Amino acid sequence: MSLGAHFVRHLRDPRAGDTRGFASELAAAGLELESRCYTAWVDRAPNVPEGHPPIAIATTPPADATAGDRWFDPCELTLMLHVGRAWLATRPTARWQMHGFLEVSTRAVREVQVEPPYKALDPARLAPGGDEMARATELSAGEATLYAWFFNKMLPNRFDWQSADEKLPDGTLATLWAHSSVEWISGRVESDEGSRLIITPDTIDEDPDENDDDDERLVRGEYTRDKKIGFRTAVLIQTGLLANPSSWHILPEPVKLTSFVDRPAFR
């Protein structure tokens, strides 16, 4: 069974199905640490003794964590790193995770003033066959946001990345970018509500509002889809997991979510 198919079953019925097979598939795909965390969650262990402190396993982030601590989210099956201002996923979202989201989430049509020049949340574009471990790309910032919202999360902010650069030990930031080169982030240029921002390891400290709006290193249009641009999820320390995302007006996609991940089912 593919990683995506395993993830669909996981989202629909936690701890059901071939959990040992899923753990093996994760490890075989190079996600050895995530595999150990997933196995520990299946066995209802509170943590994985990997490093100091151990990796916390829970449906909500640990409240007493500090920069450098890790938390395994058993819903998204993602390892998150405390970077001072927020929790950041240690890897960009992969196609197998996008496949699970597209299969399980329920959505409804939302009226927009202008129809985008693409089919929103199209599985053929966002989760095609082939390498399931490849980053989820060729998606708009709005589509990435909808994925994050489903898991009660959000896209990182530029300030989250700056916090990571300031709070983490030397070299740790590079490991976060080991599987990526450019990603969507939340936020827009103040002078252009239709713009969407991207970030690279070299532009973390650059303010798009102090640069030319046409600077392609920092800004894209709201309908942009690019095979190079991926994304990852984040949880802001101050607000925690989102309870009821409702800012539909910031997205150009004619789609809204009508369900979110059932976190209590993953306890």
Side-chain angles (χ1 to χ4, degrees), residues 51 61 65-71 73 76 78-94 134-149 151 153-242 245 247 250-252:
T66 58
D69 289 356
R70 291 172 296 176
W71 158 55
D73 177 12
E76 193 188 2
T78 296
L79 192 62
M80 310 287 290
L81 180 67
H82 192 303
V83 299
R85 188 177 186 272
W87 292 93
L88 286 184
T90 58
R91 290 172 177 263
T93 299
R135 291 179 302 135
T137 61
E138 205 168 315
L139 78 173
S140 68
E143 290 173 315
T145 300
L146 287 168
Y147 170 94
W149 280 354
F151 290 103
K153 299 179 180 179
M154 57 198 301
L155 299 188
N157 189 281
R158 180 171 61 92
F159 302 117
D160 301 334
W161 282 108
Q162 290 177 350
S163 180
D165 193 19
E166 295 171 1
K167 300 291 186 180
L168 299 179
D170 292 343
T172 304
L173 189 65
T175 66
L176 291 175
W177 285 100
H179 303 282
S180 187
S181 59
V182 55
E183 297 184 7
W184 290 115
I185 57 174
S186 64
R188 293 169 289 182
V189 177
E190 293 180 0
S191 60
D192 181 5
E193 65 179 20
S195 65
R196 293 296 182 270
L197 303 183
I198 59 173
I199 199 164
T200 72
D202 297 326
T203 60
I204 287 172
D205 292 321
E206 296 192 30
D207 185 347
D209 288 302
E210 296 179 357
N211 288 272
D212 185 341
D213 288 355
D214 294 328
D215 188 345
E216 292 191 353
R217 297 176 308 129
L218 306 173
V219 181
R220 291 290 189 278
E222 64 181 349
Y223 299 131
T224 299
R225 290 145 356 264
D226 192 311
K227 291 183 179 180
K228 296 180 180 179
I229 305 177
F231 75 100
R232 73 185 69 206
T233 57
V235 177
L236 189 64
I237 300 298
Q238 184 176 2
T239 58
L241 293 166
L242 301 179
S247 300
I250 72 170
L251 304 181

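None of the values given here were measured: they were computed from a predicted structure.
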Taking [X] for its side chain and [Y] for its backbone only, find out whether a donor-acceptor pair lies under 3.5 Å.
X	Y	answer
R225	Y223	yes
T90	L79	yes
W184	L139	yes

Those residues that, when tested against R91, pass salt bridge (charged side-chain N to carboxylate O under 4.0 Å, His left out) (two or more places apart): E34
Qualifying residues under salt bridge (charged side-chain N to carboxylate O under 4.0 Å, His left out), relative to R135, sequence neighbours excluded: none
Working for side-chain contact (heavy atoms from CB on, under 4.5 Å), residues I185 and N157: CA-CA 6 Å; I185 57 174; N157 189 281; over 6 Å; no
Side chain to side chain contact (heavy atoms under 4.5 Å, CB included) involving I237 - partner list, sequence neighbours excluded: H82, W87
Partners meeting ring-ring contact (aromatic ring centres under 6.0 Å, His included) with W161 (sequence neighbours left out):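 For W161, the residues satisfying ring-ring contact (aromatic ring centres under 6.0 Å, His included) (neighbours in sequence not counted) are W177.
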Counterpart residues, ring-ring contact (aromatic ring centres under 6.0 Å, His included), relative to F151 (two or more places apart):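 Checked F151 against ring-ring contact (aromatic ring centres under 6.0 Å, His included); matches are Y147.
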Which heavy atom of [X] sits nearest to which heavy atom of [Y], and what is that distance?
X	Y	answer
P252	E222	CB-OE1, 3.7 Å
L155	A144	CD2-O, 3.8 Å
P61	V235	CG-CG1, 4.3 Å

Find the distance between [atom1] ([X]) and [atom2] ([Y]) and round it off to the nearest 0.5 Å.
X	Y	atom1	atom2	value
L81	T175	CG	OG1	7.5 Å
R220	I198	CZ	CD1	3.5 Å
T137	F231	OG1	CZ	10.0 Å
I199	S181	CD1	OG	12.5 Å

Validation row: L241, K153 side chains within 4.5 angstrom (heavy atoms): yes
Contact list for residues 159-185, test salt bridge (charged side-chain N to carboxylate O under 4.0 Å, His left out), sequence neighbours left out: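 Output for this query lists R85-D160, E183-R232.
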Inter- and intrachain pairs under side-chain hydrogen bond (donor to acceptor under 3.5 Å, both in side chains), touching residues 195-204, at least two apart: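 Of all non-adjacent pairs touching residues 195-204, those that pass side-chain hydrogen bond (donor to acceptor under 3.5 Å, both in side chains) are T200-T203.
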Residues in side-chain hydrogen bond (donor to acceptor under 3.5 Å, both in side chains) contact with T233, at least two apart in sequence or another chain: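 T233 satisfies side-chain hydrogen bond (donor to acceptor under 3.5 Å, both in side chains) with E76 only.
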